[in-house]
Amino acid sequence: MVTPGQRSSHIRKTPNLGGIAIFYSIVVMASICAYELFTSYIFLFAAIVILFFIGLMDDILVVAPNKKFYAQIITAIMISVGSNVRIGHFFGIMGINLIPYWLSIIFTVFVFIFLINAFNLIDGIDGLASGIAILACCAFIFTFWRLSTNINYAMIVLALTIIGSLLAFLKFNFSVKYKIFMGDTGSMIVGFLLSFMAVKFLNLFLLKNAEGGPMYNLQSAPAIAMAILIIPIIDTLCVFLIRLYYRTPPFKADKNHMHHRYLKLGLTHKQVSMILVIENAFIIIVAYFLRHLNVNILLVIILFLGFVFSFLPLILKKDYKNYG
């Protein structure tokens with residue numbers, strides 16, 4: 001049960017164990033309809049279970065941040081080393097292409113931890129984290145289906161199970177009488193699975209055909225993956241930059257998130273969540289139509305749009321000095 005505090009956007013005590021239902025619906029449906037996931041990636045289920053229990057403990061008893069951090073490191077190592085799901089190529093970002101194995105593991109672990117916590121951070125108002133996750137899953141389904149349904153069948157089913165569980169969760173998250181939050185249990189699992197899909201998306205463009213050439217050719221793949229998850233990414237970057245600017249602890253909770261700035265415009269939770277999902281969708285569409293640009297240029301465009309949308313409320317209110 002979450003009790004409203006100084007930085008809370010809610011006014012009444014609310015159950016925060018929605019992540020339990022999300023966990024069970026994803027695991028049960030994925031294991032039935034796409035069992036290849038748990039045979040091809042043998043550490044995937046174990047990693048989800050670890051995040052489930054550490055998140056559940058935090059939602060019920062409150063776990064020290066360092067313990068959650070250790071659990072995230074362990075699950076990221078399990079999936080990157082044990083299941084070999086890792087980022088081993090930079091696609092020409094800053095002139096870097098193939099990277100050493102040890103560096104790919106370190107970078108992949110960093111990406112997983114970053115995205116898991118990014119989704120945890122945006123889970124501050126009704127519908128935002130789940131809305132962004134549903135949009136991201138739709139984008140991944142489109143790309144996986146467009147490239148090859150046969151190769152990516154299991155990933156498409158995984159994305160569909162996430163969408164189904166989050167649509168059911170949204171019904172109660174927006175309810176007045178039966179409101180519930182997904183808690184750390186839900187946000188960490190969803191963040192982890194979206195990280196997994198993002199890395200698998202990148203790895204598609206490293207597959208070789210029978211002649212030894214690339215099966216799919218998209219040099220800007222990292223920029224597309226970033227566009228799909230841009231709102232949680234840009235929100236986390238902005239929060240840490242603001243905290244560094246004001247010399248406050250980087251992990252100290254505050255009200256400097258994107259959704260807090262939009263709420264100050266007098267908008268409701270539903271309105272803010274819808275606006276941020278639409279902004280994320282707009283950046284995805286821009287990235288898709290500009291996908292043949294140089295990856296470095298496209299990354300700059302995506303990050304620029306992300307920062308513009310992040311601080312748009314300050315521009316509208318002309319309140320540049322009071323966001324810290």
Side-chain angles (χ1 to χ4, degrees), residues 1-2 14-63 67-76 78-79 82-83 85 112-113 115-124 126-137 140-141 154-175 178-200 229 232:
M1 192 76 72
V2 175
T14 307
N16 63 335
L17 297 178
I20 297 176
I22 293 172
F23 166 79
Y24 278 110
S25 60
I26 291 174
V27 170
V28 170
M29 292 308 299
S31 62
I32 294 173
C33 301
Y35 61 88
E36 300 96 329
L37 281 170
F38 302 112
T39 55
S40 301
Y41 311 106
I42 57 176
F43 287 95
L44 179 61
F45 181 73
I48 297 173
V49 170
I50 290 173
L51 289 176
F52 169 75
F53 279 107
I54 198 71
L56 184 62
M57 289 173 60
D58 187 57
D59 290 333
I60 296 175
L61 303 173
V62 181
V63 175
K67 292 183 180 179
K68 288 196 295 183
F69 184 66
Y70 297 149
Q72 292 166 7
I73 293 176
I74 291 170
T75 55
M78 288 171 65
I79 203 72
S83 295
V85 177
F112 267 88
I113 293 172
L115 289 177
I116 290 171
N117 286 286
F119 265 86
N120 194 15
L121 288 174
I122 67 167
D123 185 30
D126 298 338
L128 180 55
S130 46
I132 294 294
I134 289 171
L135 173 66
C137 285
F140 282 127
I141 287 172
M155 300 304 299
I156 292 173
V157 172
L158 175 61
L160 286 172
T161 60
I162 296 173
I163 291 174
S165 66
L166 292 179
L167 285 175
F169 165 76
L170 275 176
K171 177 182 178 181
F172 296 96
N173 189 220
F174 283 136
S175 171
Y178 302 108
K179 181 179 290 294
I180 192 170
F181 298 150
M182 69 168 64
D184 279 11
T185 308
S187 63
M188 287 203 297
I189 289 173
V190 171
F192 174 82
L193 290 175
L194 288 176
S195 305
F196 173 75
M197 284 192 283
V199 176
K200 287 297 298 177
L229 302 169

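- Distance CZ/Phe192 to CG/Leu115: 11.5 Å, rounded to 0.5 Å.
- Closest of all the heavy-atom pairs between Phe52 and Tyr24 is CZ-CE1, 4.4 Å.
- Annotation: the span from Cys137 atom SG to Met155 atom CE amounts to 9.5 Å, rounded to 0.5 Å.
- Between Gly186 and Ile22, the shortest heavy-atom distance links the atoms CA-CD1, 4.5 Å.
- Here the side chains of Met29 and Val157 are not in contact, with every heavy-atom distance at 4.5 Å or above.
- Looking at Phe172 and Lys179, their side chains never come closer than 4.5 Å, going by heavy atoms from C-beta outward.
- The backbone N or O of Leu37 lies less than 3.5 Å from no partner atom in the side chain of Ser40, so there is not a single donor-acceptor pair.
- Side chains of Tyr41 and Lys200 form a contact here, defined as non-hydrogen atoms less than 4.5 Å apart.
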Legend entry - Check against side chain to side chain contact (heavy atoms under 4.5 Å, CB included), Leu166 and Met182: CA-CA 9 Å; Leu166 292 179; Met182 69 168 64; 4.1 Å; yes
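- Rounding to the nearest 0.5 angstrom, the gap separating the CD1 atom in Ile122 from the CG atom in Leu229 is 9.0 Å.
- For Phe38, the ring pair (Phe, Tyr, Trp, His ring centres under 6.0 Å) test picks out Phe45, with sequence neighbours left out.
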Inset, instruction - Show the numbers, then the answer: is there a side chain to side chain contact (heavy atoms under 4.5 Å, CB included) between Ile189 and Ile116? - result: CA-CA 8 Å; Ile189 289 173; Ile116 290 171; over 6 Å; no
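- At distances below 3.5 Å, not a single donor-acceptor pair connects side-chain atoms of Asp123 with backbone N or O atoms of Phe119.
- Nearest heavy atom pair, residue Leu158 against residue Thr161, reads O-OG1, 2.6 Å.
- Considering every non-hydrogen atom in both Pro232 and Ala118, the closest pair reads O-CB, 3.5 Å.
- Side-chain contact between Leu194 and Ile132: absent, with no pair of heavy atoms (C-beta onward) separated by less than 4.5 Å.
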Legend entry - CA sep, side-chain torsions, deciding dist, call: Gln72, Ile54, side chain to side chain contact (heavy atoms under 4.5 Å, CB included): CA-CA 9 Å; Gln72 292 166 7; Ile54 198 71; over 6 Å; no
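- Salt bridge absent: Lys67 and Asp58 never bring a charged side-chain N and a carboxylate O closer than 4.0 Å.
- In this structure a side-chain-to-backbone donor-acceptor pair under 3.5 Å is present from Asn173 to Gly127.
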Legend entry - Test ring pair (Phe, Tyr, Trp, His ring centres under 6.0 Å) applied to Phe196 and Phe112, step by step: CA-CA 8 Å; Phe196 173 75; Phe112 267 88; 7.4 Å; no
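- Pairing each heavy atom of Ala159 with each of Ile141, the nearest pair is CB-CG1, 3.4 Å.
- Remark: the backbone N or O of Ala47 is not paired with any side-chain donor or acceptor of Thr75 at under 3.5 angstrom.
- In this structure, the side chain of Thr185 engages the main chain of Leu56 through a donor-acceptor pair within 3.5 Å.
- In plain terms, the two heavy atoms of Met78 and Ala46 that are nearest each other are CE-CB, 3.5 Å.
- Residues Ile156 and Phe140 form no side-chain contact, since every pair of their non-hydrogen atoms from C-beta on lies 4.5 Å or further apart.
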Inset, instruction - Apply side chain to side chain contact (heavy atoms under 4.5 Å, CB included) to Ile20 and Asp59, showing your working. - result: CA-CA 10 Å; Ile20 297 176; Asp59 290 333; over 6 Å; no
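- Side-chain contact between Leu193 and Leu44: present, with at least one pair of heavy atoms (C-beta onward) separated by less than 4.5 Å.
- More than 12 heavy atoms of other residues, nucleotides or ligands sit less than 6.0 Å from atom CZ of Phe174.
- Here the NZ atom belonging to Lys68 is positioned 11.0 Å from the CG atom belonging to Leu51, to the nearest 0.5 angstrom.
- Note that the CG atom of Asp184 and the CG atom of Asn16 stand 8.0 Å from one another [nearest 0.5 Å].
- Here CZ of Phe69 is found 8.0 Å from CG of Asn117. Values are rounded to the nearest 0.5 Å.
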